[in-house]
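Here the structure is laid out as C-alpha cells; the discussion comes afterwards.
Within every chain, numbering begins at 1; the chains are lettered A, B, ... in the order of the sequence lines, protein sequences first and strands thereafter.
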There are 2 protein chains.
Amino acid sequence: MAMPDRISELHAELCKTLGSAIRINILNALKGGEKSVGDLSAALRVRQPNMSQHLAVLRQRGVVTTRKDGVNIYYRVSNPKIIQACELMKQVLVEQLKEGEELTKLVGPARR
Amino acid sequence: MAMPDRISELHAELCKTLGSAIRINILNALKGGEKSVGDLSAALRVRQPNMSQHLAVLRQRGVVTTRKDGVNIYYRVSNPKIIQACELMKQVLVEQLKEGEELTKLVGPARR
DNA sequence: AGTAGACATTCGCATATATGCATCCGGTTA
DNA sequence: TAACCGGATGCATATATGCGAATGTCTACT
C-alpha cells in the first residue's frame, strides 16, 4: 500500500530472525556483554556447529556484530534497540500469562 | 539456563508470528483502529481465505483480538506494546539502512 | 425455507527451516 | 610441518510454513 512494503519485507525478515528460541536465548546471553562462540555454545548447551549457524543467521540480518580477538570471535548485539524491542515483547508475554491465570482462576479455581 | 526458557520458547513463537510481511502489514493497518476481515483483505490485496489464515495465526498467539458485529468480525491489536515493539524494530531497520547507504557511499560512490 | 454475504477451515503441494554429522579453514603452538 | 583449537560450511533428512482452491459455518434478508 502506502509504504512500499519493502520495509515490511525487511521487518518480517528481522522478526523471522528472532523466531527461534535458541536465537532469543543468544540475545539474552549477549545482554550481559559480548561472548565468544565457545562461551555461547557452552552456556546454552548447543553444539558448536549449530550455534555457529544460528549466529550466522543473526549476523546476516545485522542483529549481531563480531570482533575478532586472537583466536576467538566475540559476538555482541549490534543495536540496543533490538534488546528494547525484545523486552517489550517479553512484557507482552508476561501480561498475557497474567491474564491467562486470572481467567483460569475465574473459570476453574480448582481446575486440576 | 536461568530463565526456564519456556519464556524464550513463547518469545520465539511471538516473533515467528510477526515473521511474515503480510502479518506485519496487517498490524500496520490495524494501527489506525479495528478493521474487518474484508477491509483488510481489500486493503492489502490478499485473498480472503489467505487473510483469514494469517489472522488466525495472529489470533492464536494473542496478538490480535476480535469483536463480532453483525456479520462482520473486527480485528484489533490486543496490546499496544506490540505496536511499540514493531516501531522499535522499524527504527532499527531504518538505522541499518542509513548505515548501509553511508557504507556504499564510502566504498563505491558511483557503484553502478 | 432459500439465498447471499462474511469468515473460517481443510487439503495438497511447493518451498523454506532446523538439526546432526562430517568436514573444512585459518591461526597457534609444538 | 604436523597437530590443535576455535569457528564456519556442506549435506541429508525431518519438519514447518505459505498459498490457492474448494468447502463449511453462521447470520441477515426476503
Checklist entry - Less than 4.5 Å apart, any side-chain heavy atom of A:Leu30 and any of A:Leu40? => result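 With C-beta onward as the side chain, the pair touches.
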Next on the checklist: Could you check whether any side-chain heavy atom of B:Leu18 comes within less than 4.5 Å of a side-chain heavy atom of B:Ile24, counting everything from C-beta outward?
Outcome noted: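 Heavy-atom side-chain distance check passes, below 4.5 Å.
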Checklist entry - Side-chain donor or acceptor of B:Gln48 under 3.5 Å from a matching atom on the base of C:dA6? => result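 Per atom types, no contact qualifies.
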Just N and O in the side chain of [X]: are any of them under 4.0 Å from OP1 or OP2 of [N]?
X	N	result
A:Ser52	D:dT9	no
A:Ser36	D:dG6	no
A:Tyr75	D:dG6	no
A:Asn72	D:dG6	no
A:His54	C:dT17	no

In whole Å, I'd like the distance from the [atom1] atom of [X] to the [atom2] atom of [N].
X	N	atom1	atom2	value
B:Glu9	D:dA16	CD	P	12 Å
A:Leu55	C:dA18	CG	C1'	15 Å
A:Gln60	C:dT17	CD	P	11 Å
A:Arg45	C:dT19	CZ	P	17 Å
A:Arg47	D:dG6	CZ	C1'	18 Å
B:Tyr74	C:dC7	OH	P	7 Å
A:Gln53	D:dT13	CD	C1'	14 Å
A:Arg23	C:dT17	CZ	C1'	9 Å

Next on the checklist: Set out, in order, the CA-CA distance, both residues' side-chain angles and the distance that settles salt bridge (charged side-chain N to carboxylate O under 4.0 Å, His left out) for B:Glu9 and B:Arg6, then state yes or no.
Outcome noted: CA-CA 5 Å; B:Glu9 208 84 44; B:Arg6 170 71 189 134; 5.1 Å; no
Checklist entry - Looking across every strand, which nucleic acid part, if any, lies under 4.0 Å from B:Ile22 by heavy atom: base, sugar-phosphate, or nothing? => result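 Contact class for B:Ile22: sugar-phosphate only.
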Checklist entry - When the nearest nucleotide of DNA chain D is assigned to A:Asp39 and to B:Val57 on a heavy-atom basis, which residue is associated with the more 5' position? => result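 It is A:Asp39 whose nearest nucleotide is closer to the 5' end.
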List, one per line, each side-chain donor-acceptor pair under 3.5 Å for residues 81-89 of chain B, sequence neighbours excluded.
from, atom 1, to, atom 2, distance (Å)
B:Lys81, NZ, A:Gln91, OE1, 2.8
B:Lys81, NZ, A:Glu95, OE2, 2.6
B:Glu87, OE2, B:Lys31, NZ, 3.1

For the side chain of [X], starting at C-beta, report the closest nucleotide among [options].
X	options	result
A:Val37	D:dT17, D:dA28, D:dA8	D:dA8
A:Pro49	D:dT9, D:dG6, C:dT17	D:dT9
B:Ile73	C:dA6, C:dA8, D:dG20	C:dA8

Next on the checklist: Which is more 5' along DNA chain C, the nucleotide nearest A:Val46 or the one nearest A:Gly70? Just name the residue.
Outcome noted: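 Per heavy-atom nearest nucleotide, the more 5' residue is A:Val46.
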Checklist entry - What distance do A:Arg59 atom CZ and A:His54 atom NE2 have between them, rounded to the nearest 0.5 Å? => result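 So the gap between those two atoms works out to 13.0 Å.
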